[in-house]
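Residue indices begin at 1 and follow the sequence shown.
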Amino acid sequence: MFEALREAMIEEMTLDPTVCMIGEDVGDYGGSYKVSKGLSEMFGDLRVLDTPIAENSFTGMGIGAAMKGLRPVVEGMNMGFLLLAYNQISNNCGMLPYTSGGQFKIPIVIRGPGGVGRQLGAEHSQRLESYFQSIPGIQMVACSTPYNAKGLLKAAIRSDNPVVLFEHVLLYNLKEKIPDEEYICSLEEAEMVRPGSQLTILTYSRMRYHVMQAVKTLVNKGYDPEVIDIRSLKPFDLHTIGNSIKKTHRVLIVEECMRTGGIGASLRSAIIDNFWDELDARPVCLSSQDVPTPYAATLEDATVVQPAQIVAAVEEICQ
């Protein structure tokens with residue numbers, strides 16, 4: 001997946017001289033996860049700009065560059081570090097197109113690794129989707145495969161809106177054959193992963209793989225779940241989600257985000273508001289525990305939704 005993201009950067013920087021990259025170690029080092037490997041040699045150190053350890057400053061610089069006509073891609077070495085740039089992302093990135101009366105566009109992409117890794121500790125295991133979802137004026141997408149990672153990044157770079165792209169630290173080494181020809185993915189569409197008839201499972205990012213692992217067990221038990229990777233965390237693709245619920249009449253949300261105020265809570269609220277009459281059972285949401293992520297591996301696993309919990313939830317909903 002990291003190579004797919006790198007390909008997207010190379011293609012967009014080749015096509016459009018206003019596309020640039022800003023972040024810590026994105027230059028000669030090639031990025032913490034090698035998304036920018038070799039880009040500095042290809043495009044020069046002004047378009048692939050190494051920065052000091054100063055997230056608030058270089059994110060603000062990226063927003064200023066976007067105001068002046070560039071299309072910067074700001075990499076957070078870890079999404080948790082972008083909390084230091086929250087003021088820039090909220091008060092400037094999301095709001096300047098409005099507070100300027102439409103005089104400025106902010107075509108910026110803010111991206112980087114997040115989620116619960118393997119024993120990275122609490123400060124490096126942040127799931128920040130819930131922190132950013134309430135900011136007016138920004139879009140949020142989460143990639144889960146090499147294919148959609150490349151397609152979503154290319155679409156985000158071309159968008160005139162500020163886009164936050166969430167990548168999961170444990171998915172960078174996923175392998176998948178992707179097309180040689182150019183393609184982009186919609187920033188506002190969910191992806192049908194597995195058609196089914198009995199229940200709708202909505203998920204995104206790493207939890208897509210926990211869900212699919214659970215689906216193998218469920219199919220062996222005679223269940224027929226439909227799986228949708230929502231991908232667009234803001235706005236939700238309520239068209240695709242609604243059509244699925246109208247077919248299955250049951251819904252389970254599986255996320256790695258926190259239970260309180262998480263993406264799942266917002267999604268469940270939207271489902272109740274829009275599709276209540278289509279439901280034959282209450283919508284269920286499986287989320288991470290509301291605790292800092294422990295360092296110990298067994299405790300870390302206990303805070304995150306596991307396939308067995310998904311199987312048990314589906315069985316209960318379908319009773």
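Taking CG from Asn87 and CD from Glu55, the interatomic distance works out to 14.0 Å, rounded to the nearest 0.5 Å. Distance CG/Asn243 to CZ/Phe275: 8.0 Å, rounded to 0.5 Å. Here Arg47 contributes atom CZ and Leu70 contributes atom CG; the two are 9.5 Å apart, rounded to the nearest 0.5 Å. Separating the CD1 atom in Ile184 from the NZ atom in Lys154 is a distance of 8.0 Å, to the nearest 0.5 Å. To the nearest 0.5 angstrom, Arg208 atom CZ is 13.0 Å from Leu202 atom CG. Atoms CG and OG, from Leu187 and Ser159 in turn, are 5.5 Å apart once rounded to the nearest 0.5 Å.
For Phe236 against Ala270, the heavy-atom pair with the smallest separation is CD1-CB, 4.5 Å. For Val169 against Gly117, the heavy-atom pair with the smallest separation is CG1-CA, 3.6 Å. Taking both residues in full, the closest heavy atoms of Val163 and Ala156 are given as CG1-CB, 3.8 Å, listed atom of the first, atom of the second, then distance. Between Gln309 and Val304, the shortest heavy-atom distance links the atoms OE1-O, 3.6 Å. Shown here for Gly76 and Pro113, the closest heavy-atom pair between the two residues is O-CD, 3.3 Å. The shortest non-hydrogen separation linking Ala214 to Pro307 is CB-O, 3.6 Å.
Linking ILVMFWY side-chain heavy atoms closer than 4.5 Å, directly or via other members, places Ile106 and Leu153 in two distinct hydrophobic clusters. Hydrophobic clustering keeps Met192 apart from Leu199 (ILVMFWY residues linked when any side-chain heavy atoms are closer than 4.5 Å, directly or through intermediates). Two different hydrophobic clusters hold Leu128 and Leu165 under the rule that ILVMFWY side chains link at heavy-atom gaps under 4.5 Å. Taken together through direct or relayed side-chain contacts under 4.5 Å among Ile, Leu, Val, Met, Phe, Trp and Tyr, Ile63 and Leu82 form part of one hydrophobic cluster. Using a 4.5 Å cut-off between side-chain heavy atoms of Ile, Leu, Val, Met, Phe, Trp and Tyr, with links allowed through other members, Val35 and Met13 fall into the same hydrophobic cluster.
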Fill in: Residue pair Val26, Leu39: steps toward the side-chain contact (heavy atoms from CB on, under 4.5 Å) verdict
CA-CA 8 Å; Val26 299; Leu39 265 62; over 6 Å; no
Worksheet item: Step by step, would you call Gln126 with Leu83 a side-chain contact (heavy atoms from CB on, under 4.5 Å)?
Response: CA-CA 10 Å; Gln126 296 271 41; Leu83 290 176; 3.7 Å; yes
Discussion item. Quick one, Thr217 with Tyr223, criterion side-chain contact (heavy atoms from CB on, under 4.5 Å). Give me CA distance, side-chain angles, the key distance, then yes/no.
Written reply: CA-CA 9 Å; Thr217 302; Tyr223 294 96; over 6 Å; no
Worksheet entry | Steps toward salt bridge (charged side-chain N to carboxylate O under 4.0 Å, His left out) verdict (Arg118, Asp301) | CA-CA 9 Å; Arg118 290 194 176 92; Asp301 285 345; over 6 Å; no
Fill in: Steps toward side-chain contact (heavy atoms from CB on, under 4.5 Å) verdict (Thr145, Tyr209)
CA-CA 10 Å; Thr145 67; Tyr209 298 94; 3.3 Å; yes
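Glu167 places no side-chain N or O within donor-acceptor distance of the main-chain N or O of Ala149, the cut-off being under 3.5 Å. Of the possible donor and acceptor atoms, one in the side chain of Gln103 sits under 3.5 Å from a partner among the backbone N and O of Ser100. Side-chain atoms of Tyr131 do not come within 3.5 Å of backbone N or O of Tyr86 as any donor-acceptor pair. A donor-acceptor contact shorter than 3.5 Å is absent between the side chain of Glu300 and the backbone of Tyr295. Not one N or O on the side chain of His249 forms a donor-acceptor pair closer than 3.5 Å with the backbone of Leu279. Using a distance-only test at 3.5 Å, with no hydrogens or angles considered, a donor-acceptor pair links the side chain of Asp224 to the main chain of Ser197. With Ser125 contributing its side chain and Gly121 its backbone, the two residues share a donor-acceptor pair below 3.5 Å. The closest donor-acceptor contact from the side chain of Ser244 to the backbone of Ile241 lies at 3.5 Å or more, if one exists at all. No donor-acceptor distance shorter than 3.5 angstrom exists from the side chain of Asp229 to the backbone of Glu191, with no hydrogens or angles considered.
A heavy-atom distance below 4.5 Å is not found between the side chains of Lys221 and Val314. Looking only at side-chain heavy atoms (C-beta outward), Ile263 and Ile230 come within less than 4.5 Å of each other. Looking at Asn91 and Thr99, their side chains never come closer than 4.5 Å, going by heavy atoms from C-beta outward. Residues Gln306 and His210 have side chains in contact (heavy-atom distance under 4.5 Å, counting atoms from C-beta outward). For the pair Tyr204 and Glu129, the minimum side-chain heavy-atom distance is below 4.5 Å. Inter-residue side-chain proximity for Ile110 and Phe132 is flagged as unmet; no heavy-atom pair is nearer than 4.5 Å. No side-chain heavy atom of Val251 sits under 4.5 Å from any side-chain heavy atom of Arg268. Residues Val305 and Glu255 have side chains not in contact (no heavy-atom distance under 4.5 Å, counting atoms from C-beta outward).
When the shell of 6.0 Å around CD of Glu123 is examined, it contains 12 or fewer heavy atoms from other residues, nucleotides or ligands. Within 6.0 Å of OH on Tyr183 lie more than 12 heavy atoms contributed by other residues, nucleotides or ligands. Few gaps surround CG on Leu15; more than 12 heavy atoms of other groups in view lie less than 6.0 Å from it. No more than 12 heavy atoms of other residues, nucleotides or ligands sit less than 6.0 Å from atom CD of Glu3. Shown here is Glu316, whose CD atom has no more than 12 heavy atoms of other residues, nucleotides or ligands within 6.0 Å. Counting non-hydrogen atoms of neighbouring residues, nucleotides and ligands closer than 6.0 angstrom, the CG atom of Asn220 exceeds 12 such neighbours.
A salt bridge links Arg158 with Glu12: at least one charged nitrogen is closer than 4.0 Å to a carboxylate oxygen. For Lys34 and Asp25, the salt-bridge test fails: no basic side-chain N is under 4.0 Å from an acidic carboxylate O. Ion pair Arg111/Glu75 flagged as a salt bridge, since at least one NZ, NE, NH1 or NH2 atom sits closer than 4.0 Å to an Asp/Glu carboxylate oxygen. A salt bridge does not link Lys246 to Asp277: none of the charged nitrogens lies less than 4.0 Å from a carboxylate oxygen.
Checking Arg231 against Ser186 by side-chain atom types alone, no donor-acceptor pair falls below 3.5 Å. Under the 3.5 Å distance criterion, with hydrogens and angles disregarded, no donor-acceptor pair is assigned to the side chains of Thr303 and Thr293. Using modelled atom types, one finds no donor on one side chain facing an acceptor on the other under 3.5 Å when comparing Ser205 with Glu256. With no hydrogens or angles considered, no side-chain donor-acceptor pair links Asp237 and Ser232 at under 3.5 Å.
Between Tyr33 and Tyr172, the ring planes are parallel. Angles under 30° get that label, and only those over 60° would be called perpendicular.
Of the residues listed (Arg250, Arg194, Lys247), the one engaging Glu226 in a side-chain hydrogen bond (donor to acceptor under 3.5 Å, both in side chains) is Lys247, and it is the only one.
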